[in-house]
Amino acid sequence: MAGHSKFKNIMHRKGAQDKKRSAMFSKLSREITVAAKMGMPDPDMNPRLRLAVNAAKAQSMPKDNIQRAIDKASMAGGEDYEEVRYEGYGPGGVALIVEALTDNRNRTATNVRTAFSKNGGNLGSEGSVSHGFERLGLIEYPAGAGDEDKVLEAAIEAGAEDVESSAEGHAIWTAADALHEVAGTLEKTLGEAEGVKLAWKPTVTVAMDEAGAATLLKLVDTLDDDDDVQTVWGNYDIADEVMEKLG
């Protein structure tokens, strides 16, 4: 099992989303609705829906909003979202995977392509960068959930594959098909997780200098601001001192 990591830079920065709570709730609601439509509307009977509901609860989304999103799945004439994945390269050759839920493929593709081209990137075809990532389950806990040894022991007992701990918190990796089961076991030991999701974990990371990081983060933020974009994953690694300079 691994030790410390700069995983906080691998996915889109949480700080950007925290300032846009309503937009974040909209994205969480969309995922709940899609999950409920694809399976049973009961989180206990639908693993994807349970993950979506847990993610919403972790961001303090009101129960009424969660239930409304579940109910929306059974409404006649409601929006019909589909999952789309975009892959491309950002500044410095960084590989990026963009996951979206959209009711208009043309609109989303145009927006994503524009974001890449205006911020030093190039949109590629599906599969152009995903070969450099592993599809895994990711369970995130804050540092207050326990020290490194406690979390590591709990993760091993729950059947997790890897743990990365830092001052910011703990990232627990699982096989994709074991995410629901491992998360449920960990909840009994460590409490409710901050995040439970399927993730793209890079096999190799790219270190970014200040200039490249500034352009890259602008690209990531532009993508993240799009209503259709759910998550942005990348294989970049930005050192703490670089992040501090960028503010």
Side-chain angles (χ1 to χ4, degrees), residues 2-21 23-24 26-27 31 83-102 104-136 138 140 162 164 166-169 171 173 195 197-247:
H4 297 281
S5 164
K6 287 191 173 63
F7 180 75
K8 61 183 183 297
N9 292 324
I10 301 293
M11 63 178 296
H12 66 277
R13 293 174 301 158
K14 291 179 185 171
Q17 275 203 330
D18 288 342
K19 296 171 188 171
K20 306 163 192 167
R21 188 156 288 269
M24 179 174 60
S26 174
K27 295 185 183 196
E31 168 61 21
E83 294 176 283
V84 190
R85 186 173 86 233
Y86 302 95
E87 301 180 27
Y89 291 94
V94 164
L96 295 173
I97 296 177
V98 182
E99 294 179 312
L101 287 174
T102 181
N104 185 326
R105 265 179 177 257
N106 291 336
R107 178 193 66 224
T108 308
T110 299
N111 290 349
V112 171
R113 187 174 292 106
T114 301
F116 270 85
S117 63
K118 285 188 174 180
N119 295 283
N122 290 291
L123 190 61
S125 58
E126 188 170 322
S128 59
V129 305
S130 56
H131 57 82
F133 292 77
E134 292 179 275
R135 190 60 162 161
L136 298 171
L138 172 63
E140 294 173 293
D162 200 1
E164 295 169 345
S166 71
E168 283 74 30
W173 296 96
K197 68 195 78 158
L198 286 171
W200 292 96
K201 185 182 184 184
T203 52
V204 178
T205 57
V206 178
M208 301 296 293
D209 60 20
E210 189 176 344
T215 308
L216 173 65
L217 293 178
K218 188 179 176 190
L219 168 57
V220 172
D221 286 343
T222 301
L223 289 166
D224 201 42
D225 283 343
D226 190 286
D227 290 342
D228 297 334
V229 172
Q230 292 294 102
T231 321
V232 181
W233 305 93
N235 68 345
Y236 55 93
D237 184 4
I238 304 174
D240 290 341
E241 54 268 27
V242 174
M243 288 293 284
E244 285 170 16
K245 287 179 184 175
L246 295 173

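Note that the structure is predicted; figures quoted are calculated from it, not measured. Position 1 is the first residue of the sequence; numbering continues from there.
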(request) Measure across Ala95 and Val129 and return the closest heavy-atom pair with its distance rounded to 0.1 Å. (result) CB-CB, 3.7 Å
(message) Has Lys245 got a side-chain atom pairing as donor or acceptor with Asp240's backbone, closer than 3.5 angstrom?
(response) no
(request) Find out whether Glu164 and Trp173 are in side-chain contact, i.e. whether some heavy atom of one side chain is under 4.5 Å from a heavy atom of the other. (result) yes
(message) Applying salt bridge (charged side-chain N to carboxylate O under 4.0 Å, His left out), can you list everything that pairs with Glu83, at least two apart in sequence or on another chain?
(response) Arg48
(request) Check Gly234 against Pro202 and note the closest heavy-atom contact, atom names and distance. (result) O-CG, 4.0 Å
(message) Do Leu138 and Leu198 have side chains that approach each other closer than 4.5 Å (heavy atoms only, starting at C-beta)?
(response) no
(message) Any non-hydrogen side-chain atom of Thr222 less than 4.5 Å from a side-chain atom of Phe116?
(response) no
(request) For Leu246, enumerate each residue passing the side chain to side chain contact (heavy atoms under 4.5 Å, CB included) test, keeping only those at least two apart in sequence or located in another chain. (result) Glu210, Ala213, Ala214, Leu217, Val242
(request) Return the set of residues passing side chain to side chain contact (heavy atoms under 4.5 Å, CB included) with Thr114 (not counting sequence neighbours), or none when no residue passes. (result) Thr110, Lys118
(message) With heavy-atom distances below 4.5 Å as the criterion, would you say the side chains of Tyr86 and Glu126 are in contact?
(response) no
(request) Kindly indicate whether the side chain of Asp237, heavy atoms from C-beta on, has any atom under 4.5 Å from the side chain of Met208. (result) no
(message) Checking Ser130 now: which residues fulfil side chain to side chain contact (heavy atoms under 4.5 Å, CB included) with it, not counting sequence neighbours?
(response) Arg85, Glu87, Ile97, Trp200
(message) Quick check against the 3.5 Å criterion: does Thr203 have a side-chain atom that pairs as donor or acceptor with the backbone of Gly132?
(response) yes
(request) Return the minimal non-hydrogen interatomic distance between Asn119 and Pro91, and the atom names on each side. (result) O-CG, 3.6 Å
(request) Decide yes or no for Val94 and Tyr89: does some side-chain heavy atom of the first lie under 4.5 Å from some side-chain heavy atom of the second? (result) no
(request) Give the intermediate values and the outcome of side chain to side chain contact (heavy atoms under 4.5 Å, CB included) for residues Thr205 and Tyr236. (result) CA-CA 5 Å; Thr205 57; Tyr236 55 93; over 6 Å; no
(message) Taking the side chain as everything from C-beta on, heavy atoms only, tell me whether Leu96 gets closer than 4.5 Å to Leu219.
(response) yes
(request) Return the set of residues passing salt bridge (charged side-chain N to carboxylate O under 4.0 Å, His left out) with Asp228 (not counting sequence neighbours), or none when no residue passes. (result) Arg30, Arg107
(message) Checking Arg105 now: which residues fulfil side chain to side chain donor-acceptor pair (under 3.5 Å) with it, not counting sequence neighbours?
(response) Glu82
(request) Decide yes or no for Val112 and Leu223: does some side-chain heavy atom of the first lie under 4.5 Å from some side-chain heavy atom of the second? (result) yes
(request) Verify, without hydrogens or angle tests, whether Glu31 (side chain) and Gln230 (backbone) share a donor-acceptor contact under 3.5 angstrom. (result) no
(message) For Phe133, is there any backbone N or O sitting under 3.5 Å from a side-chain donor or acceptor partner on Lys201?
(response) no
